[in-house]
Each structure stands twice: as C-alpha cells, then as structure tokens.
Amino acid sequence: MKDQYAVIGNPIGHSKSPTIHAMFANATRQDLVYTAILGPLGGFDACAREFRERGGRGLNITAPFKLDAFRFASKRSERAELAGAANALKFDGQDVLAENFDGVGLIRDVVHNLGFSLAGKRVLMLGAGGAARGALLPFLDQSPATLVIANRTLEKAQALANIGSTRGPVSASTYASLSGQSFDLIFNATSASLTGELPPVPPRAFGAGSLAYELAYGKKLTPFLRIAQNAGVSHIADGVGMLAEQAAEAFYWWRGVRPDTAEVIKVLAIPLE
Ligand code: NDP
C-alpha cells in the first residue's frame with residue numbers, strides 16, 4: 001500500500017493541500033497518496049486516530065483543528081510549543097510528533113522568493129492570532145531592528161510580545177499608537193480580509209520602499225493591499241507563497257526530500273488586481 005497523508009479541517013473543500021502535495025510527489029517521484037478529510041467538529045482525536053490506524057503517516061492541519069492537533073501530539077517542536085498550535089503531525093512509531101511550519105513558510109517566501117531581508121528592518125505585524133503566534137519566533141530569528149505587534153485586543157499582542165521578549169526586540173501596540181511611525185515590512189496576520197474588512201492601520205505606517213504582505217491568499221487586492229498600494233508601497237504580496245512553502249517544509253519533514261515550490265506558486269497564484 002502507498003504511504004498515506006492527508007489534510008484535515010472543517011470545512012475542507014477549499015483546501016489546496018491535495019493539489020500541492022500531488023505536485024510535490026510527482027516532481028520528486030515519491031510514491032504516496034494525499035487526501036482531504038472533513039473532520040467532524042469536536043471529533044479531531046477520533047478522526048486522527050482512525051487515519052493513523054489505517055496506516056496514515058502524516059497529517060496537515062487546518063482550521064479549526066490546530067489546537068486539537070497540538071494537544072493530540074506526544075512530542076512537540078519548539079515552534080509548535082511557542083505557537084501553541086500544530087499545522088503538521090508525523091506518526092513515527094509510538095510517537096505523534098507536532099510541528100508548526102506556518103512561520104517558517106512565511107519567512108521562506110519573504111526572504112527566498114520575494115528577496116526581502118528582515119535583518120535590521122522595522123517590522124509591523126497586524127494581528128495576534130494563530131498565524132501571528134507561529135510567525136513570532138521565525139521573525140525574531142531574522143534579527144529585525146524592531147518587531148511591533150498591533151492587535152485589536154491589546155492583551156493578546158502583549159502576551160505574544162512577552163513570549164518573544166527574550167528572543168528579540170518585540171513590543172505590543174494598539175492601532176491608534178502606530179500613528180507617526182513607519183515600517184519597512186508590514187504583515188497582515190489578521191483574518192479581517194476573509195470578510196473584506198480592513199484592520200485600522202494608518203496609511204503612513206507604510207514606508208515608500210516597503211513590503212506589504214497579506215497572509216490570506218486567493219482574495220486578490222484585499223482592503224489591506226489596496227491601502228498599501230495607495231500609500232505608495234513598492235511591493236505587495238499575498239500568502240500563496242507562504243502556503244506553498246509551509247507545505248514544502250512538511251513534505252521535507254515527512255519524506256526527507258525538499259520539493260521545489262516555484263511551479264506550485266505559479267499554478268495557484270491569482271493576480272492581485
Ligand atoms: P485567528 O482567528 O487565530 O486570529 C485572527 C486575528 O485577526 C486576531 O488577532 C483578531 O484580533 C484579528 N482580527 C479579526 N478581524 C479583525 C478586524 N476586522 N480588524 C482587526 N483585526 C481583526 O486567525 P489566524 O491567525 O489563523 O489567521 C489569520 C490570517 O492568516 C487569515 O487571513 C488566514 O487565512 C491567514 N493564514 C494564511 C496561511 C497561509 O499559508 N498563507 C496560513 C495560516 C493563516 P482579536 O484578537 O482582537 O480578535
């Protein structure tokens with residue numbers, strides 16, 4: 001029987017992961033099957049256990065099960081511990097290993113694919129949810145001059161800043177206190193774009209040569225990207241590269257072979273217009 005992998009979420013019909021992993025397997029000549037599982041709400045553990053008993057080797061995890069997957073694991077990487085969430089599991093003998101590749105995937109896209117360095121830069125992250133948590137440590141590992149986390153609920157940004165404070169220059173902010181500051185790289189890690197909303201970032205926060213990065217993907221020119229463009233930002237990007245890169249990290253973790261992501265990004269990218 002071929003090695004079995006899957007992505008689990010609810011809903012799951014929109015997931016690009018089966019397409020991405022089929023392309024990776026084809027390009028690297030790995031003999032595996034990758035499917036999508038609609039996990040019943042409240043039923044993650046039973047679903048993951050059943051998949052493992054059927055010979056499953058690994059799972060990608062999407063909303064709303066990232067916290068369930070974290071708890072389900074018997075061993076967790078530092079990245080997963082820090083994020084408090086898992087986006088990939090590996091079934092390894094008796095062990096269930098948890099990883100979180102969202103942040104490293106984001107960094108790989110920004111640094112390798114888009115050619116932006118975070119070193120010595122002023123970085124602003126909007127949002128303090130799961131994706132922001134996953135990005136915290138990988139961001140600080142890039143030695144930015146400063147990392148400011150702005151969130152609607154300030155306490156959540158403060159909790160994240162406290163976690164990161166031993167690793168680098170990170171602080172929490174309200175949106176209002178951003179006024180008068182400008183940044184080299186701004187990341188929208190809020191879920192506002194999923195409902196066509198705009199986090200209240202002041203247009204002056206965007207420096208002229210800066211990068212505006214929308215973690216959501218497939219939404220074309222979101223209100224966040226539009227305000228960045230109007231503010232004269234030179235580069236805008238959405239999260240399709242992050243999606244491909246976190247998938248490549250999981251593939252490498254499971255199979256020991258690193259797939260190239262360029263073709264996947266080309267196939268999945270939707271023009272930002
Ligand atoms: P969470 O639900 O964990 O966090 C949502 C965050 O958005 C919170 O900080 C929340 O603030 C904030 N927020 C929501 N609505 C608004 C609004 N209208 N104005 C201002 N802030 C708002 O979501 P995730 O962290 O899981 O996902 C965040 C984004 O990242 C989504 O767009 C998701 O699609 C994307 N993503 C992309 C990935 C990729 O591979 N490209 C992977 C994972 C996520 P508060 O705390 O105040 O409620």
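Both counts, for ligands and for their atoms, begin at 1 and track the order of listing.
Of the protein's heavy atoms, L194 CD1, 4.4 Å lies nearest to atom 33 (C) of ligand 1. In terms of protein heavy atoms, atom 45 (P) of ligand 1 is closest to T153 OG1, 3.4 Å. Ranking protein heavy atoms by distance to atom 2 (O) of ligand 1, first place goes to S191 OG, 4.4 Å. When only non-hydrogen protein atoms are considered, atom 39 (C) of ligand 1 lies nearest to M242 SD, 3.6 Å. When only non-hydrogen protein atoms are considered, atom 24 (P) of ligand 1 lies nearest to A131 N, 3.8 Å.
Compare E155, R152, E197, K219 by their heavy atoms: the one nearest to atom 10 (C) of ligand 1 is in R152. Across G129, A189, A150, heavy-atom proximity to atom 28 (C) of ligand 1 is greatest for A189. Scanning L106, N151, L215, T190 for the heavy atom closest to atom 37 (C) of ligand 1 points to L215.
Near G130, with a cut-off below 4.0 Å to any heavy atom, the atoms of ligand 1 are 3 (O), 25 (O). Atoms of ligand 1 lying under 4.0 Å from any heavy atom of K156, numbered from 1 in the order shown and given with element: 45 (P), 46 (O), 48 (O). Each of the following atoms of ligand 1 lies closer than 4.0 Å to a heavy atom of A128: 9 (O).
Classification of the F187-Y213 ring pair by plane angle, with boundaries at 30° and 60°, yields tilted.
Residues meeting the ring-ring contact (aromatic ring centres under 6.0 Å, His included) test with F51, sequence neighbours left out: none.
On a distance-only criterion, V240 and ligand 1 share no N/O pair closer than 3.5 Å. Considering both main-chain and side-chain atoms, D102 never comes within under 3.5 Å of ligand 1 through any nitrogen or oxygen pair. Here's the thing with Q246: none of its N/O atoms is less than 3.5 angstrom from an N/O atom of ligand 1. Residue Y175 places no N or O, backbone or side chain, under 3.5 Å from any N or O of ligand 1. At under 3.5 Å, a nitrogen or oxygen of G239, whether backbone or side chain, sits near a nitrogen or oxygen of ligand 1. In terms of N/O distances under 3.5 Å, ligand 1 is not approached by G127.
In this structure, R76 satisfies the cation-pi test against F70, with its NZ or CZ atom closer than 6.0 Å to the six-membered ring centre and inside 45 degrees of the ring normal.
Judged by distance alone, the side chain of K90 and the main-chain N or O of W253 form a donor-acceptor pair under 3.5 Å. The main-chain N or O of A192 is found under 3.5 Å from a side-chain atom of T195 such that the two form a donor-acceptor pair. Put simply, the side chain of D184 gets close to the backbone of R122: a donor and an acceptor are under 3.5 Å apart. A donor-acceptor pair is defined here as one N or O able to donate and one able to accept, closer than 3.5 Å; such a pair exists between the side chain of Q4 and the backbone of K2.
At a heavy-atom cutoff of 4.0 Å, ligand 1 is contacted by no atom of N87, backbone or side chain.
A donor atom on one side chain and an acceptor atom on the other are not found under 3.5 Å apart for S17 and N60.
Distance CG/N162 to CD/Q158: 7.5 Å, rounded to 0.5 Å.
The ring of F116 has its center closer than 6.0 angstrom to the ring center of H235. The aromatic ring centres of F65 and F72 sit 6.0 Å or more apart.
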